[in-house]
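To keep things clear, I will list the structure first and then write my remarks on it.
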Amino acid sequence: MWADNPTFRMVLGICSALAVTNKLTNTLAMCIAVIFVTTASSVTVSLLRRAIPRRVRMAVYTLIIATYVVFVDQYLKAFYPAISEAMGPYVGLIITNCIIMGRAETYASSNPPGRAFLDALGVGLGYAMSLIIVAFVRELLGFGTLFDHRVLGSWWEPWVIMVMAPGAFIVLGLYIWLLRGFQMRK
């Protein structure tokens with residue numbers, strides 16, 4: 001989760017980190033979706049690793065990942081339509097998340113299902129930790145709320161830039177800079 005964090009160590013999966021982190025509710029939904037898709041696709045790839053021909057493995061991995069993403073998308077539309085609408089196309093873009101394909105190719109394709117599950121779970125939790133930290137700062141400064149509940153008083157003047165794309169770049173850049181600086185001191 002920490003040493004090989006996909007967001008601040010490998011700078012992977014930052015499209016969703018930039019897109020959905022303006023509200024903690026949306027961020028939490030994205031984190032759960034990515035953790036589910038990463039673990040389910042890694043276990044599936046691991047179970048099928050001896051049956052998948054090497055030349056078509058990437059196409060098969062994409063098909064497996066897309067299946068789980070469609071499941072998540074339909075689930076959100078059926079049970080959480082407001083969150084589904086707020087997240088927009090970014091649920092579908094989980095298919096292109098480099099973290100998921102990377103775990104399928106580098107770990108799940110050559111390890112048993114139990115190990116593949118734990119590896120994917122650790123990477124997914126590391127990704128979630130990064131997104132929640134970024135979303136916490138952006139929602140607090142941008143709206144004065146956390147999970148849509150006002151925590152800063154009426155005196156707080158919202159920093160509108162924090163809920164826009166530049167705010168995401170600023171917070172994510174500071175997050176990566178601080179954590180890398182902290183690790184270099186060790």
Side-chain angles (χ1 to χ4, degrees), residues 1-21 26-76 87-136 168-169 171-186:
M1 276 180 47
W2 183 261
D4 291 325
N5 186 290
T7 305
F8 83 86
R9 292 287 296 176
M10 297 181 252
V11 193
L12 294 175
I14 61 168
C15 291
S16 54
L18 299 172
V20 301
T21 56
N26 300 340
T27 302
L28 194 58
M30 177 59 83
C31 292
I32 292 169
V34 169
I35 289 170
F36 170 75
V37 172
T38 306
T39 55
S41 61
S42 285
V43 169
T44 304
V45 166
S46 178
L47 288 169
L48 298 174
R49 67 184 187 275
R50 292 188 179 98
I52 299 172
R54 185 113 182 110
R55 288 186 297 177
V56 295
R57 71 187 189 288
M58 297 306 257
V60 173
Y61 298 164
T62 302
L63 182 64
I64 291 168
I65 293 166
T67 301
Y68 289 117
V69 170
V70 168
F71 175 80
V72 167
D73 189 40
Q74 294 302 308
Y75 181 82
L76 286 174
M87 292 174 65
Y90 297 105
V91 174
L93 288 175
I94 293 173
I95 295 168
T96 62
N97 191 321
C98 301
I99 297 168
I100 300 168
M101 183 63 82
R103 297 328 300 165
E105 172 68 9
T106 60
Y107 198 85
S109 64
S110 58
N111 285 287
R115 287 184 179 179
F117 173 80
L118 292 175
D119 173 73
L121 182 64
V123 169
L125 289 173
Y127 169 82
M129 177 187 74
S130 297
L131 258 62
I132 289 170
I133 290 170
V134 172
F136 178 87
F169 279 109
V171 175
L172 188 60
L174 288 172
Y175 173 73
I176 292 170
W177 176 67
L178 285 172
L179 292 180
R180 285 189 174 184
F182 178 73
Q183 279 200 325
M184 288 178 71
R185 287 187 176 189
K186 284 186 169 182

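Numbering starts at 1 and runs along the sequence shown.
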Less than 4.5 Å apart, any side-chain heavy atom of [X] and any of [Y]?
{"X": "R49", "Y": "P113", "result": "yes"}
{"X": "Y127", "Y": "V123", "result": "no"}
{"X": "Y68", "Y": "T44", "result": "yes"}
{"X": "M129", "Y": "L125", "result": "no"}
{"X": "I94", "Y": "V34", "result": "yes"}
{"X": "L48", "Y": "I64", "result": "yes"}
{"X": "S130", "Y": "Y175", "result": "yes"}

Do you know the tightest heavy-atom contact between [X] and [Y]?
{"X": "M101", "Y": "M58", "result": "CE-O, 4.0 Å"}
{"X": "L131", "Y": "C31", "result": "CB-SG, 3.9 Å"}
{"X": "A108", "Y": "S42", "result": "CB-O, 3.3 Å"}
{"X": "Y61", "Y": "S109", "result": "OH-CB, 3.1 Å"}
{"X": "A128", "Y": "I35", "result": "CB-CD1, 4.1 Å"}
{"X": "V20", "Y": "N26", "result": "O-CB, 3.7 Å"}

Distance from [X] atom [atom1] to [Y] atom [atom2], nearest 0.5 Å?
{"X": "F182", "Y": "W177", "atom1": "CZ", "atom2": "CH2", "answer": "14.0 Å"}
{"X": "L118", "Y": "T39", "atom1": "CG", "atom2": "OG1", "answer": "10.5 Å"}
{"X": "S46", "Y": "F117", "atom1": "OG", "atom2": "CZ", "answer": "12.5 Å"}
{"X": "D73", "Y": "L93", "atom1": "CG", "atom2": "CG", "answer": "10.5 Å"}
{"X": "I65", "Y": "S41", "atom1": "CD1", "atom2": "OG", "answer": "4.5 Å"}

Assess whether side-chain contact (heavy atoms from CB on, under 4.5 Å) is satisfied between N111 and D119, documenting all intermediate values.
-> CA-CA 10 Å; N111 285 287; D119 173 73; over 6 Å; no
Should the heavy atoms of other residues, nucleotides or ligands under 6.0 Å from CZ of F136 be counted, would the total exceed 12?
-> no
Qualifying residues under salt bridge (charged side-chain N to carboxylate O under 4.0 Å, His left out), relative to R115, sequence neighbours excluded | none
For the pair T106 (side chain) and G102 (backbone), establish whether a donor and an acceptor sit closer than 3.5 Å, ignoring hydrogens and angles.
-> yes
